[in-house]
2 protein chains.
Amino acid sequence: MSKKQLLLKAAEAKVRTGGYNNFSFRELADEIGIKSSSVHYHFPTKADLGAELARQYTDNFLTNLGAPEALIAQGKKPIEVYLQQFQCALTEDKKMCLCGLLGAETDGLPEKVKTQTQRFFVQNIEWLTHAYMQTDGASEHTAKGQAIAALSLLEGAMLVSKAMNDTAIFTTASAGLLATR
Amino acid sequence: MSKKQLLLKAAEAKVRTGGYNNFSFRELADEIGIKSSSVHYHFPTKADLGAELARQYTDNFLTNLGAPEALIAQGKKPIEVYLQQFQCALTEDKKMCLCGLLGAETDGLPEKVKTQTQRFFVQNIEWLTHAYMQTDGASEHTAKGQAIAALSLLEGAMLVSKAMNDTAIFTTASAGLLATR
DNA sequence: TCGTTATTATCTATCAGTAGATACACAGGT
DNA sequence: ACCTGTGTATCTACTGATAGATAATAACGA
């Protein structure tokens, strides 16, 4: 794994713990055994690092999911898979969603970080909209409403679980999503 | 309004914009026209300020709501009032919920700030649990589940609305809460 | 093949600015 | 005399960022 990726990995942990202002170039550099000036070689500014972080997080998130159509073809329910991906982020990493945290502090972020954070939400709503259109046969408008509600519930469930330090909260909060309709 | 309250007010705006690490004693001091050393007179450490901020926010939030019983006595639906209080925080202040943001970055906070942040969620879940028990006649266990789901949905709806910079998202996301059951 | 040039990734050293925090002085009101 | 609130001055530590040197590797032309 390249130093650049190691930097991003270290930064992700920091940001998911305490937000964009919770890491410094020196901390990251120390963690992977280089000097802070070398971090600037890979990322000219902190905003560049933050933007790349959000970009990769979004891409990995969606790649790991796969397309809703593909999941259905495998006999899986997209919403269940989606919920589980959120749950894993919370229980395995024991951390908040990166873009959830960045989204909450969006007005305090550099422009390019904000833009990449928004992209996470846009793409997730698109994914969920397609999923609902196919499983429920809903209209695009209806499905988009369901998508926004589902995304909000899951981000909020993570947030409340973290705040209360109790992963059972996530399960309770998200139970309604799986109800057969 | 006392300097102490002015400091808290200024700090609230900063934290709700970019999290706990998004304000400094100097910034607050400059805003209200005193020196940073004088801020330490009112709040010995930054953690003290943060904790007091979360404490007052929680108290004000619950005071403004009133007890669920009292709302019912006035012919109001507690969940509707509760939802509207969240919506006002978002649309009037144009900011994220203070404790929502602090909750998301809980693992990066000083202990006493974390404790006060948790208190917000504990008390809100209690409030909602009572509300659901009375309006739905649900058991305490069932009502607590509804409470956790409602709180998660609303915090998440705020977060996604902020991230997407679109308050209509909040309305869409929270619409399901008002459905007559 | 050999020598030259370019690129990549790191280093040392340093900068101006800001962070939270402290010691101590001072004024005004009780 | 004391308490409250503020100010001056200062400390150490850390921030993101830059300049310039260095070593290692890759690419290229004669």
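Each chain gets a letter, A, B and so on, in the order the sequences are listed, and its residues count up from 1. These numbers were taken from a predicted model, which means no experiment stands behind them. Below, all heavy atoms of this structure are taken into account, side chains as well, without hydrogens, waters or symmetry copies.
In terms of heavy-atom proximity, Ala149(A) sits nearest to Ala173(B) at CB-O, 3.9 Å.
Atom-to-atom, CZ of Arg26(B) to C1' of dG7(D) comes out at 14 Å; the value is rounded to the nearest Å. Per the geometry, CG belonging to Leu28(B) stands 15 Å off P belonging to dT18(C), to the nearest Å. As rounded to whole Å, 15 Å separates atom C1' of dA19(C) from atom CG of Leu49(B). For the pair Phe43(A) CZ and dA9(C) P, the computed distance is 12 Å after rounding to whole Å. To the nearest angstrom, C1' of dG20(C) lies 17 Å from NE2 of His42(B). Between the CG atom of Asp48(B) and the C1' atom of dG20(C) there is a distance of 12 Å, given to the nearest Å. Straight-line distance from the CG atom of Leu6(A) to the C1' atom of dT10(C): 15 Å, rounded to whole Å. Rounded to an integer number of Å, the gap from CD1 of Ile34(A) to C1' of dT22(D) is 16 Å.
Closest to the side chain of His40(A), from the set dA21(C), dG16(D), dT6(D), is dG16(D). The side chain of Tyr41(B) sits closest to dG5(D) out of dG7(D), dG16(D), dG5(D). When each of dA19(C), dA17(D), dC11(C) is scored by its nearest atom to the side-chain atoms of Thr45(A), the top-ranked nucleotide is dA17(D).
With Tyr20(B) as the aromatic partner, Lys46(B) meets the cation-pi criteria of under 6.0 angstrom to the ring centre and within 45 degrees of the ring axis. A cation-pi contact, defined as under 6.0 Å to the ring centre and within 45° of the axis, links Lys4(A) to Phe43(A). Geometric assessment of Lys3(A) against the ring of Tyr41(A) yields a negative cation-pi assignment under the 6.0 Å and 45° thresholds. Note that Lys77(B) lies outside the cation-pi zone of Tyr82(B), set by a 6.0 Å cut-off to the ring centre and a 45° limit from the axis.
Contacts of Ser24(A) with the nucleic acid, taken as non-hydrogen atoms under 4.0 Å apart, involve only primed sugar atoms and P, OP1 or OP2. Residue contacts for Phe25(B): at a heavy-atom cut-off of 4.0 Å it reaches the sugar-phosphate backbone alone, with no base atom in range. Counting non-hydrogen atoms under 4.0 angstrom, Lys35(A) reaches a base of the nucleic acid. Residue Phe23(B) is in sugar-phosphate contact alone, with no base atom involved, counting any heavy-atom pair closer than 4.0 Å across all strands shown.
Between Tyr57(B) and Phe120(B), the ring planes lie tilted relative to each other; the angle falls in the 30° to 60° range. The aromatic rings of His40(A) and Phe25(A) lie tilted to each other, with the angle between the two planes from 30° to 60°.
The phosphate of dT10(C) has OP1 or OP2 within less than 4.0 Å of a side-chain N or O from Lys3(A).
One cannot find a donor-acceptor pair under 3.5 Å joining the base of dT6(D) and the side-chain atoms of Ser37(B).
Each of Lys4(A) and Pro44(B) was matched to the nucleotide of DNA chain C holding its nearest heavy atom; the match closer to the 5' end belongs to Lys4(A).
Ion pair Asp30(A)/Arg26(A) not flagged as a salt bridge, since none of the NZ, NE, NH1 or NH2 atoms sits closer than 4.0 Å to an Asp/Glu carboxylate oxygen.
The terminal axes of the helix from dT1(C)-dA30(D) to dT30(C)-dA1(D), fitted over 5 pairs per end, subtend an angle of 10° to the nearest 10°.
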